[in-house]
Amino acid sequence: MGCELLIKNGFIIDGSGNPGFYGDLAVGEGKIIAIAPKLECEAERTIDALGLKVCPGFIDPHVHEELTVLTNGKFEEFLRQGVTTTINGNCGHSITPYSSDNIYEYMAQKGLISRETKERYKRIIPAWTNFSGYINVIKNKGTNINMGFLLGHGTLRWSVMGGSKNRKPTIEEERIIVQLIEEGLEQGALGISTGLTYSPSKFAETEELIKLSKITKKYDGIYTSHIRNYSGILEAVQEVIRIGEAAGIRVQVSHLTPNSPAAFDEILIARKRGVEIAVDTIPKSSGHFKRWDRLLQFTVSASSKLFDLDRNGSLEAFETPEGRQKIVNKLKFKDKLLIINTADPLLENRILKEIALEKKLAVDELILTLLEKDRDKLTFCQGGLNRQDFPGTPYEDNVANNPLVMVGSDRIFGETDDPYAWYELFRQGAFPMFFGLCRQKGVDLEEIVRRVTSLPAQQFRLTDRGVLAKGKAADITIIDIENFGYPSNEEIDYRNPLTMASGVEYTIVNGKVALDDGKIKDVRAGQLLAKYGRIL
C-alpha cells in the first residue's frame, strides 16, 4: 500500500470515546486510508508518534474569526491547540446579509472592529453581496484551518429593520429575515446564532426566535445562543430548551459559566427527554484588555445617540473637555478598571479606584488626567486578570462529568495588524485548560477527546470530521499530552495578547501538515464546511 503520510507508533484516541490503542495511521488525498496496530506502507513521509497521543483534529464550536480570516488565515493560536475546525458567526454577529460594506458598518457600530479597520477592509478586501460571495472571497485567500459559519440573528435584524429597534419586526420585515435565512442556509450556513444580551437580538421575544428556528429546522440547521444572562442563568437556559422543543431544532448553549451547575443539569435532563442539545464553556478568561481608543469606541458604540461622529467615524467629542467628560460619564464599572502600559511602575497593573484614593482624586478626574498625559499605549482591563464567570477553578463534579459539555474558546474579533488594541488572556489556551480541568476530576482522556471532536461534529452535522476512521477527512492532532498546557496566572505576560499553548507537536489539516514538529506552515489546506461533508 502507498500513502502520502504515515503516522507510526502513536497511542490512537479515535474520538468515539472508546479506549485508545497503539497503532499506525495512513493518509492519502486528504483522507484517512487505513488505521491498524501495524501498517506496512510506502509513505512519502513518516511521522514517528512514539510517546504521543494521536487524536482527531479538535473542533472549536464558538469563535469569532469570520473577519480575521479576511486578512490572516494562518491561525497559529488554533493549530497550537490541536484545533483544525472552527464554527464562526456566533453571538448573533455574522457576515451576512447584504453587502460587505453593510457588515463592516454593523461591526464598527457595535465596537467589534475599529473605524480604521472598517475603512481598510473596504479598500483591500474584495466585496461580497451574500453568503456565497463571502465564501468565494475566503476560498480565494485560503485558510490554514477548516471553517463553518452561522447566520447572525443580530446582524440580520439590524440590517432588515434599519438598526437596533426595540420592537417586533413588521410582517414585511419578518418575511425578508426569513428569506435571508433560507438563502444563507441553502448556500451552506450551518444554522443561526443569537446574542440575547446584545442589541438588537435582546429585543426579540422567545416566539420570534421559535419562528425563525422552525425555518432553520427545515434545513436541519442548528440554533446557537448567547443566552439572556440578565434573566438568570437557569431561566435563560430554560428559554433555549423551550425553543429547541417548540421548533424541534438542535440547540447549542454558548459559553455557559461553570458557576451555574444547575443549568448544566437542566441541559442533561432536556437531552434525556429528547431535546438535541449540547453546551460549550470557556475554561478560563481574563477580562477584556482595551487600549484607550478602543475603550472609548466601545463606550460610544453603546451610547451612540449621545455622541456625534464625523463622516469618517472619528469621535469629535473627545476633542473638547466637555466631550471627554461626557464619554467618561458613560464608562461602565470605572472603579474596577485596571490599567496597564502606563510607563509608571507606581500605577502599573492597579485598579483605578485604589489609585484615585491614593492621589485624592475622583475616578473620573483620574481617567481624564491619564488620557491627557499617557495616551500612547494606555490600556484598560475590564473584568480583571480572572473573570468571575470563567475563573479557571476546578469544575463541580456534575459539570466535569456531563457528557454534553464541550469547550468553546470564544476567541474575540482580532485585528491582525493591531492585536494590542483589544484582547483577552487565556482563551488561546482553552483546549489544554479544559483537558486539565476535566482530568483533575478523573474524566478519562478518551472521553475528553470525544467532547472536543465527535460531539461538536455531531452537533454541527460535520459528518466527515470528529473521528479517526477510514474514509474520514485527515484532520489529526499529535500531542505530548503531559506537556499540553498554557501559562498560569503567575506565568502569563498580561501585556502579551499573542501567548500560545504548548504540547501539540503536529496538527494536520485535510492531510497537510500545518503545525510541523512545533513549526507553523502556511499550507492553506483548510476547507469551508457545510453540513454532511459538503465543501463550499
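The basis for the numbers below is simple: all heavy atoms, side chains too, and nothing from hydrogens, waters or symmetry mates. Note that the coordinates shown come from a computational prediction; the quantities given were computed from them, not determined experimentally.
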Practice problem: Please identify each residue that fulfils ring-ring contact (aromatic ring centres under 6.0 Å, His included) with Phe11, with sequence neighbours left out. | Solution: Tyr22

Self-check item: Results of side-chain contact (heavy atoms from CB on, under 4.5 Å) for Val69 - residues two or more places apart only
Solution: Phe75, Tyr134, Ile138, Thr143, Met147

Exercise. Mind checking ring-ring contact (aromatic ring centres under 6.0 Å, His included) for Phe484 and listing every partner two or more places apart, or none if nothing turns up?
Key: Phe435

Quiz item: With sequence neighbours excluded, what pairs up with Thr393 under the side-chain contact (heavy atoms from CB on, under 4.5 Å) test?
Solution: Pro391

Exercise. Determine the minimum heavy-atom distance between Asp280 and Val407, stating which atoms define it.
Key: CB-C, 4.2 Å

Exercise. With sequence neighbours excluded, tell me which residues meet side chain to side chain donor-acceptor pair (under 3.5 Å) with Ser285.
Key: Arg427

Exercise. For Arg350, check side chain to side chain donor-acceptor pair (under 3.5 Å) against everything at least two apart and list the hits.
Key: Glu354, Glu358

Self-check item: All side-chain contact (heavy atoms from CB on, under 4.5 Å) counterparts of Ser502, not counting sequence neighbours
Solution: none

Quiz prompt | Partner set under ring-ring contact (aromatic ring centres under 6.0 Å, His included) for Tyr423, not counting sequence neighbours | solution = Phe289

Quiz item: Partners of Ser100 by side chain to side chain donor-acceptor pair (under 3.5 Å), sequence neighbours excluded?
Solution: none

Quiz item: Residues in ring-ring contact (aromatic ring centres under 6.0 Å, His included) with Tyr198, at least two apart?
Solution: His93, His226

Quiz prompt | Set of salt bridge (charged side-chain N to carboxylate O under 4.0 Å, His left out) partners for Lys334, sequence neighbours left out | solution = Asp364

Quiz prompt | Sequence-distant partners of Thr499, side-chain contact (heavy atoms from CB on, under 4.5 Å), two or more places apart | solution = Tyr486, Pro487, Ile492, Asn496

